[in-house]
Amino acid sequence: MANIKDLTQIDERLEAGHRLCPGCGASIAVRQVLMAAGDTPVVTGCATGCLEVSTTLFPYTAWNTPFIHNAFENAASTMSGVEAAYKAMKRSGQIPQDKEIKFITFGGDGGTYDIGLQALSGAMERGHDMVYVCYDNGAYMNTGIERSGATPFGAWTTTSEVGEVLHGKVQRSKDLTSIMAAHHIPYVAQASVSHWQDLVTKAEKAIRYEGPAFLNILAPCPRGWRHPSQSTISIAKLGVDTNYWPLFEVDHGVWTLKDPKRPKPLDEFLKAQGRFKHLFKPGMEEVRQEMQAMVDEQMEYLRNRVLGSQYLVKKETQES
């Protein structure tokens with residue numbers, strides 16, 4: 001379990017002074033993930049997006065690690081090649097066998113859920129020893145707040161407008177974390193910047209395990225979500241407390257879920273953001289009820305996955 005006293009002794013690997021917006025959830029996610037690496041040497045990569053363009057304005061960089069920038073859609077492919085080269089150099093004796101380097105790459109939901117999904121799936125299927133981290137802010141924020149596969153049902157974006165006919169995005173968001181779990185990789189987890197101990201502990205596992213790992217982190221965007229910059233953590237916490245963003249992990253096939261006994265109504269998460277303000281006009285109650293039903297359905301799905309994996313573990317234990 002991550003300890004805050006220990007974490008304060010770790011040197012920052014993402015320095016202050018970058019150009020990300022005040023309250024940006026992406027920078028919080030990156031700092032917490034890299035803290036989990038401790039003193040282990042790390043090579044980082046990042047797809048084009050808010051995180052990359054705001055931390056690497058030539059000739060400056062905020063990264064205290066070797067850093068690779070690549071195109072929007074191929075962060076996973078690039079880090080796959082770096083990890084493969086590292087193993088090849090170990091085999092040839094160019095790198096000592098006992099030298100451990102971890103590979104961590106970051107991408108927003110646009111470059112992960114959508115145009116980078118093919119590269120990500122391939123890297124996970126091939127079994128590269130790397131950690132892929134998605135900082136999920138629910139849209140293509142860097143290019144103008146366009147909807148992505150992660151954008152929730154009912155949300156306003158510049159390409160899911162609100163008017164007399166349409167009331168925000170008409171599709172529900174993609175369950176990418178479960179899709180990654182379906183690759184049967186060693187470790188998959190969903191976390192939030194509001195729950196630092198849970199996030200860092202999960203990142204420690206992802207980094208420690210051999211083989212591919214995937215972390216999906218809720219990272220609110222004040223600009224795109226239309227909330228004050230100082231509200232990032234409180235809104236992320238509401239995402240967890242209302243079950244909009246369940247905290248769960250799949251550790252070598254075993255599903256574990258943090259299931260609040262008394263979840264807050266989804267409305268509390270929605271009303272804190274300007275991207276959902278149209279849903280609180282008269283006559284929109286039905287849309288909000290539909291959204292609540294989607295959240296409840298997803299929680300039931302996760303509970304069933306937890307029960308199913310526990311049953312399999314119990315069965316295997318009895319047979320052995």
Side-chain angles (χ1 to χ4, degrees), residues 2 4 6-20 24-72 74-90 94-96 98-108 111-112 116 119-120 123-124 128-137 142 187 189 191 193 196 199-217 219:
I4 195 166
D6 294 337
L7 296 178
T8 58
Q9 305 303 311
I10 298 173
D11 292 336
E12 288 283 359
R13 299 195 185 191
L14 183 70
E15 288 286 359
H18 50 68
R19 274 69 161 185
L20 287 164
C24 174
S27 60
I28 302 170
V30 171
R31 289 180 66 223
Q32 292 184 14
V33 169
L34 293 181
M35 282 180 180
D39 297 327
T40 303
V42 170
V43 173
T44 54
C46 188
T48 299
C50 289
L51 178 62
E52 179 272 322
V53 301
S54 299
T55 57
T56 59
L57 277 74
F58 183 82
Y60 307 105
T61 179
W63 296 84
N64 277 331
T65 65
F67 177 85
I68 305 169
H69 164 229
N70 49 256
F72 213 153
N74 57 13
S77 297
T78 299
M79 197 56 74
S80 296
V82 175
E83 184 265 356
Y86 162 73
K87 286 185 174 178
M89 293 176 76
K90 268 194 166 185
Q94 297 177 68
I95 294 178
D98 60 352
K99 184 175 179 61
E100 181 187 14
I101 300 175
K102 300 303 294 190
F103 303 91
I104 306 174
T105 195
F106 298 90
T112 306
L120 173 59
M124 300 295 102
H128 291 281
D129 189 6
M130 58 180 280
V131 180
Y132 189 104
V133 181
C134 175
Y135 61 94
D136 188 334
N137 52 32
N142 180 53
Y187 191 73
V193 295
W196 68 266
L199 193 163
V200 176
T201 300
K202 287 172 175 173
E204 287 175 345
K205 290 183 181 180
I207 294 167
R208 182 175 72 249
Y209 289 149
E210 185 176 352
F214 175 80
L215 298 174
N216 202 3
I217 302 173

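Given the structure is predicted, the values throughout are model-derived calculations rather than measurements.
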Thr112 and Tyr135: side chain donor to acceptor below 3.5 Å: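 Not at all, the side chains of Thr112 and Tyr135 share no donor-acceptor pair under 3.5 Å.
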
Donor + acceptor pair across side chains of Lys205, Tyr209 (<3.5 Å):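 Their side chains do not contain a donor-acceptor pair, so the 3.5 Å distance test is not met.
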
Side chains of Pro212 and Met124 in contact at under 4.5 Å (non-hydrogen atoms):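 Sidechains of Met124 and Pro212: in contact.
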
Could you report the tightest heavy-atom contact between [X] and [Y], atom names first, then the distance?
X: Tyr86; Y: Lys99; value: OH-O, 2.7 Å
X: Asn74; Y: Ala119; value: CA-CB, 4.3 Å
X: Ala75; Y: Tyr132; value: CB-CE1, 4.2 Å

Verdict with reasoning, Thr48 to His69, per side-chain hydrogen bond (donor to acceptor under 3.5 Å, both in side chains): CA-CA 7 Å; Thr48 299; His69 164 229; 2.8 Å; yes

Per-pair distances, 0.1 Å, donor-acceptor, side chain in residues 60-67, under 3.5 Å, sequence neighbours excluded:
residue : atom : partner : partner atom : Å
Thr61   : OG1  : Trp63   : N            : 3.1
Trp63   : NE1  : Thr55   : OG1          : 2.8
Asn64   : ND2  : Glu12   : O            : 3.1
Asn64   : ND2  : Glu15   : OE2          : 2.7
Thr65   : OG1  : Thr44   : OG1          : 2.6

Arg31, CZ: over 12 other non-hydrogen atoms inside 6.0 angstrom: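 No, CZ of Arg31 has 12 or fewer neighbouring heavy atoms, counting only those of other groups under 6.0 Å.
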
Output a table of donor-acceptor pairs, distance under 3.5 Å, between side-chain atoms of residues 33-43 and any protein atom two or more places apart or on a different chain; print 'none' if there are none.
residue : atom : partner : partner atom : Å
Thr40   : OG1  : Ala37   : O            : 3.2

Working for side chain to side chain contact (heavy atoms under 4.5 Å, CB included), residues Ile217 and Asp136: CA-CA 6 Å; Ile217 302 173; Asp136 188 334; over 6 Å; no

N-O pairing of Asp129 and Lys102 below 4.0 Å: yes

Test log, rule side chain to side chain contact (heavy atoms under 4.5 Å, CB included), inputs Val131 and Thr105: CA-CA 6 Å; Val131 180; Thr105 195; over 6 Å; no

Aromatic ring proximity, centroids under 6.0 angstrom, Tyr187 and Phe214: no

